[in-house]
2 protein chains.
Amino acid sequence: MSEILDAIDRRILRELQRNGRMSNVELANAVGLSPSPCLRRVKLLEEKGVIDGYVAVLNGPKLGLGLTVFARIWFKTQDAETTNLFAETVRKYPEVAECYLTTGECDAIMRVVTTDLHAYWRFQSDHLMRIPSVQSVKTDVPMETIKAGQQLPL
Amino acid sequence: MSEILDAIDRRILRELQRNGRMSNVELANAVGLSPSPCLRRVKLLEEKGVIDGYVAVLNGPKLGLGLTVFARIWFKTQDAETTNLFAETVRKYPEVAECYLTTGECDAIMRVVTTDLHAYWRFQSDHLMRIPSVQSVKTDVPMETIKAGQQLPL
DNA sequence: CTAGAGTTGGCAGATCATGCCAAACTTTGC
DNA sequence: GCAAAGTTTGGCATGATCTGCCAACTCTAG
């Protein structure tokens with residue numbers, strides 16, 4: 001299995017990052033192949049795990065989920081029990097869209113999606129601050145989007 | 001145009017958030033409809049802008065893009081020129097996956113994707129810090145992922 | 001020049017998308 | 001309670017698409 005991706009593979013990934021639902025013939029045209037080898041390359045990229053999957057991108061505000069908040073979290077201690085308890089608990093909250101353990105200034109960072117500031121405040125005080133691992137939380141609230149999306153630079 | 005989404009619409013969105021490339025018949029089965037009305041609902045959700053689009057989710061590490069960094073940025077001043085200059089410049093950098101202007105402690109927050117720490121350091125010192133708007137930057141580096149993805153809670 | 005591996009393009013059958021129409025269901029007004 | 005109007009559904013036919021298979025092509029090594 002050749003590990004490298006050639007120019008056509010990269011073009012395929014770029015196209016599918018733009019529109020994950022384009023038909024295979026459309027994709028084949030866009031990258032300059034006939035449908036057969038194009039589909040084979042896509043399947044191979046999926047098998048190799050280069051393509052993790054496909055998702056629909058939903059519009060938060062139109063679903064009543066207009067507020068995104070970035071929260072930085074400090075733990076009381078940094079031992080494994082504290083960390084695991086935090087991870088287990090956080091995984092259960094649907095409001096938490098992303099969460100990472102970090103090194104540096106804080107111990108964890110998360111992106112929380114709710115309807116509005118009031119709902120966020122309820123989440124923070126009723127749930128987040130009640131996790132025994134958590135000592136303190138600081139939030140940054142995006143007011144304007146300069147750039148969004150999860151596309152990787154190819 | 002009825003603004004509300006019923007239970008079936010929500011189930012459609014949930015399924016398409018999991019697998020944006022499932023066929024319409026598959027989706028219809030999953031939500032308990034026949035293909036015809038199912039497709040009509042999907043098209044309507046797209047027209048209404050509830051579904052913004054579809055994207056392939058790529059595996060960063062397998063593409064040599066293994067490092068994500070969250071950077072908080074402080075501006076020298078908060079006037080419109082400073083902000084616009086920053087926004088214009090940042091939009092051009094492919095390493096910047098997301099970027100928001102914030103209220104609160106810092107002025108902007110961004111997610112940067114690079115191959116490794118060295119590449120990030122080059123980006124920060126050679127590009128980010130040279131934007132005249134920027135006074136200082138603090139970074140948080142995710143070491144472990146507790147939860148990832150861009151799915152909205154439905 | 002030849003052998004072999006890897007990749008491509010075309011083809012056939014199965015599956016799927018799409019638009020249309022009648023039937024079923026829900027809502028509204030009387 | 002009942003009929004009319006509006007909405008949503010399911011089935012069907014047609015055209016497009018997917019998918020696996022095989023022959024032809026390209027490239028490299030000996």
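Chain A is the first sequence line, chain B the second, and so forth, proteins listed ahead of strands; every chain is numbered from 1.
For the pair B/D9 CG and D/dT7 P, the interatomic distance rounds to 16 Å; values are reported in whole Å.
The backbone N or O of B/A148 lies less than 3.5 Å from no partner atom in the side chain of A/R111, so there is not a single donor-acceptor pair. With B/R14 contributing its side chain and B/L154 its backbone, the two residues share a donor-acceptor pair below 3.5 Å. Using a distance-only test at 3.5 Å, with no hydrogens or angles considered, a donor-acceptor pair links the side chain of A/T114 to the main chain of A/D116.
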Query raised in the report: What string of B, S and - do you get for nucleotides 8-24 of chain C 5' to 3' if you count protein non-hydrogen atoms under 4.0 Å?
Result: BBBB----SSBB-----

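Scored by the side chain to side chain contact (heavy atoms under 4.5 Å, CB included) test, B/A87 finds A/I146, B/R91 as partners (sequence neighbours excluded).
Atom NZ of A/K62 and atom CD1 of B/I51 lie 12.0 Å apart (nearest 0.5 Å). Here NZ of A/K147 is found 13.0 Å from OG1 of A/T145. Values are rounded to the nearest 0.5 Å.
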Requested in this report: Show your reasoning for whether side chain to side chain contact (heavy atoms under 4.5 Å, CB included) applies to B/H118 and B/R122.
Outcome: CA-CA 6 Å; B/H118 180 249; B/R122 259 201 337 254; 3.3 Å; yes

Report task. Take B/E105 and B/K138 through the test salt bridge (Lys or Arg N to Asp or Glu O under 4.0 Å) and record every step on the way to the result. Result -> CA-CA 12 Å; B/E105 207 188 314; B/K138 286 199 179 184; 6.0 Å; no

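Axis deviation across the helix from C/dC1-D/dG30 to C/dC30-D/dG1 amounts to 30°, comparing end segments of five pairs, rounded to 10 degrees.
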